[in-house]
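To start, the structure itself, in structure tokens.
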Amino acid sequence: MPDRAAARQAKTRIMNTVLSTSDARHVAGIGLRQREDGWVVRINLREDDDGTRRKIPSEIEGVPVVVEVTGTIRAQSAAAATLQAERTADATGGPRHLWRLLAVAALLMVIAATTATLIALA
């Protein structure tokens, strides 16, 4: 069970070996991931390239190395992330839909109470 410190050292070592080669163009990122049995180094590839995969060890300094093809990873602004979340919520009838229903229900209750009061006063 590799701990986080060992995984960090393994990550640094693999960054200095894999990323210093011409295969770096295939690597989208390198990070750490915690699993039930300890920490692993995760290498994200832009594309599945056999030559690059062969150069990546399955383990380094006792820490497992996991390779996943993720494609190109791009930074996203907070505004774009919020817009995407809103679109997803709208498409799935998420939280916005629920708030609208609650607002309509509250308005109907106010109308009913006002109508009852007016009838009682008449």
Side-chain angles (χ1 to χ4, degrees):
M1 277 198 312
D3 62 3
R4 190 172 187 179
R8 281 184 179 165
Q9 288 178 340
K11 176 186 169 188
T12 300
R13 183 145 181 221
I14 207 159
M15 285 173 62
N16 292 333
T17 57
V18 174
L19 288 181
S20 64
T21 67
S22 62
D23 296 311
R25 69 181 183 279
H26 298 293
V27 178
I30 297 179
L32 302 178
R33 174 176 272 174
Q34 187 175 21
R35 294 197 171 171
E36 292 178 11
D37 59 343
W39 288 84
V40 299
V41 175
R42 177 178 166 174
I43 300 179
N44 298 325
L45 297 179
R46 287 186 179 92
E47 55 195 32
D48 200 1
D49 180 70
D50 287 338
T52 302
R53 275 190 183 264
R54 276 187 256 124
K55 293 178 183 176
I56 298 172
S58 60
E59 170 180 304
I60 190 162
E61 297 176 2
V63 178
V65 177
V66 177
V67 178
E68 293 187 31
V69 179
T70 59
T72 301
I73 297 173
R74 292 187 177 94
Q76 189 175 26
S77 70
T82 302
L83 181 61
Q84 180 63 34
E86 288 176 358
R87 285 181 184 154
T88 302
D90 284 345
T92 60
R96 280 182 151 192
H97 182 69
L98 179 60
W99 283 111
R100 286 183 194 135
L101 287 175
L102 290 173
V104 169
L107 181 60
L108 289 173
M109 288 173 57
V110 168
I111 291 170
T114 304
T115 303
T117 304
L118 289 174
I119 290 172
L121 293 174

Who pairs with D3 by salt bridge (charged side-chain N to carboxylate O under 4.0 Å, His left out), at least two apart in sequence or on another chain?
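Expected list: none.
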Derivation of the side-chain contact (heavy atoms from CB on, under 4.5 Å) call for I56 and V65
CA-CA 8 Å; I56 298 172; V65 177; 3.7 Å; yes
Interatomic distance, I14 atom CD1 to K55 atom NZ [nearest 0.5 angstrom]:
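Rounded to the nearest 0.5 Å, the CD1-NZ separation comes out at 13.0 Å.
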To the nearest 0.5 Å, how far apart are OG1 in T70 and CG in D48?
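Answer for the OG1-CG pair, T70 versus D48, is 11.0 Å.
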Can you tell if the side chain of [X] reaches within under 4.5 Å of the side chain of [Y], non-hydrogen atoms only?
X	Y	answer
T52	L45	yes
I30	K11	yes
P2	P64	yes
V67	R53	yes

Any chance you could lay out the side-chain contact (heavy atoms from CB on, under 4.5 Å) test for H26 and N44, step after step, and finish with the verdict?
CA-CA 9 Å; H26 298 293; N44 298 325; over 6 Å; no
With sequence neighbours excluded, what pairs up with R33 under the side chain to side chain contact (heavy atoms under 4.5 Å, CB included) test?
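Partners of R33 under the side chain to side chain contact (heavy atoms under 4.5 Å, CB included) test: R35, V40, R42, E68.
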Using side chain to side chain contact (heavy atoms under 4.5 Å, CB included) as the criterion, list what pairs up with R8, not counting sequence neighbours.
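Listed in chain order: R4, L32.
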Non-hydrogen atoms of A28 and R46 that approach each other most closely
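Looking at all heavy atoms of both residues, the shortest contact is CB-CG, 3.8 Å.
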Crowding at CZ, R13 (>12 non-hydrogen neighbours, <6.0 Å):
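Result for CZ/R13: open.
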